[in-house]
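Convention: sequence-line order gives letters A, B, ...; per-chain numbering from 1.
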2 protein chains.
Amino acid sequence: MLSIGDLSKRTGVKVPTIRYYEQMGLLTAAERSEGNQRRYERHDLERLAFIRHARDLGLDISAIRELIALSQHPHQPCGNVDRIASDHLKSVRDKIEKLKKLEQELERIVSHCDGDHAIEDCYVIRSLSDHGLCDGEH
Amino acid sequence: MLSIGDLSKRTGVKVPTIRYYEQMGLLTAAERSEGNQRRYERHDLERLAFIRHARDLGLDISAIRELIALSQHPHQPCGNVDRIASDHLKSVRDKIEKLKKLEQELERIVSHCDGDHAIEDCYVIRSLSDHGLCDGEH
DNA sequence: TAGATATCTCCAGAGACTATAGGTTTGGAG
DNA sequence: CTCCAAACCTATAGTCTCTGGAGATATCTA
């Protein structure tokens with residue numbers, strides 16, 4: 001039986017975050033000690049590791065909730081599991097694309113500025129003031 | 001004199017967002033009509049366009065506040081302006097790097113799954129459960 | 001058994017909005 | 001001029017995923 005602090009140390013998930021996950025229904029409410037403190041077992045540790053891993057991969061709480069629900073039916077086909085992961089992959093790719101465009105635009109703006117002239121002439125400020133100086137369509 | 005709705009239409013910033021920017025100190029409190037409605041002029045339009053553009057580039061409110069403050073001193077050197085923009089560019093690049101790692105990991109996980117076997121055997125679920133199946137160090 | 005550490009619950013804050021409720025002003029048509 | 005719909009006002013709460021604090025209680029170690 002692990003205390004919430006033990007669980008925290010073993011998974012790297014902070015104590016308040018563990019309570020938060022319980023509140024959000026990702027972790028089932030833990031057993032309690034006589035003094036009302038949470039006590040965990042191996043399967044809680046595994047579940048929390050699963051959650052942490054999924055969060056590290058950027059999945060949101062509701063997706064994780066769904067994955068957990070699906071994993072409770074081990075004999076069903078995994079189409080929905082695949083869909084959740086694939087959708088997420090797509091959204092990661094979309095984000096990368098957007099950020100790359102930003103990167104280019106910022107690069108272009110910053111490259112015009114040596115940091116050593118008057119603000120009124122600064123290309124960074126002028127670009128922000130005047131969309132006409134931009135390349136793309138954002 | 002523009003109403004808040006006019007300003008919204010011209011800049012593409014939603015009405016409640018304009019009020020929010022005022023509250024956050026990005027826009028100076030607008031003049032009011034007799035009936036207490038906000039009335040804007042050209043320079044407010046320009047300021048808001050500046051803010052929108054900076055937000056589109058991903059700068060956060062506090063960075064924008066700083067840029068506005070700096071732009072009020074047009075004769076000072078623009079080193080700080082350059083620093084803000086460069087720092088942001090760096091953070092965008094960092095985000096891209098992180099997302100690319102995620103992309104690879106997700107790609108690898110998803111590629112093992114055809115969406116058509118039992119959940120208990122699904123590589124997606126197994127990967128999430130067992131960090132040992134991962135490539136990287138996240 | 002005392003004191004230090006860990007835990008409990010509840011609440012607030014972060015960031016950047018967005019939405020709702022309930023009330024007032026404005027602008028155009030008749 | 002009057003009426004009504006649309007736009008506006010304020011204040012408040014909700015989004016999402018935590019994180020931190022206050023004040024009280026439990027557990028562990030010496």
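Counting only N and O atoms by type, the side chains of A/S3 and A/D6 include a donor and acceptor under 3.5 Å apart. A donor-acceptor contact under 3.5 angstrom links the side chains of B/R108 and B/Y123, judged on distance only.
A salt bridge links A/E66 with A/R83: at least one charged nitrogen is closer than 4.0 Å to a carboxylate oxygen. Of the charged side-chain nitrogens involved, none lies within less than 4.0 Å of a carboxylate oxygen, so that A/R126 and A/E120 do not count as a salt-bridged pair. No salt bridge links A/K98 with A/D94; every basic N to acidic carboxylate O contact stays at or beyond 4.0 Å. A salt bridge links A/E107 and B/R93; the closest N-O separation between the charged side-chain nitrogens and carboxylate oxygens is under 4.0 Å. No salt bridge links B/K90 with A/E103; every basic N to acidic carboxylate O contact stays at or beyond 4.0 Å.
Rounded to an integer number of Å, the gap from CZ of A/R52 to P of D/dT17 is 16 Å. Atom pair B/D60:CG and C/dC17:C1' shows a separation of 14 Å (rounding to whole Å applied).
Remark: A/R38 is in phosphate contact with C/dT9, judged by side-chain N or O atoms under 4.0 Å from OP1 or OP2. Remark: B/S3 is not in phosphate contact with C/dT26, judged by side-chain N or O atoms under 4.0 Å from OP1 or OP2.
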Got a list of protein N/O to nucleotides 27-29 of chain D N/O distances below 3.5 Å?
unit_1 : atom_1 : unit_2 : atom_2 : d
D/dT27 : OP1    : A/S33  : OG     : 2.8
D/dT27 : OP1    : A/G35  : N      : 3.1

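With rounding to the nearest 0.5 Å, the separation of CG in A/N80 from OG in A/S86 is 11.0 Å.
Heavy atoms of other residues, nucleotides or ligands lying less than 6.0 angstrom from CZ of B/R32 number more than 12.
Under the 3.5 Å distance criterion, the side-chain polar atoms of A/T17 are left unmatched by any main-chain donor or acceptor of A/V13.
Looking at residues 89-98 of chain B, you'll see that no heavy atom sits under 4.0 Å from any atom of DNA chain D. Interface residues of residues 4-32 of chain B facing DNA chain D, ordered by number: B/I4, B/G5, B/R19, B/R32; criterion, heavy-atom separation under 4.0 Å.
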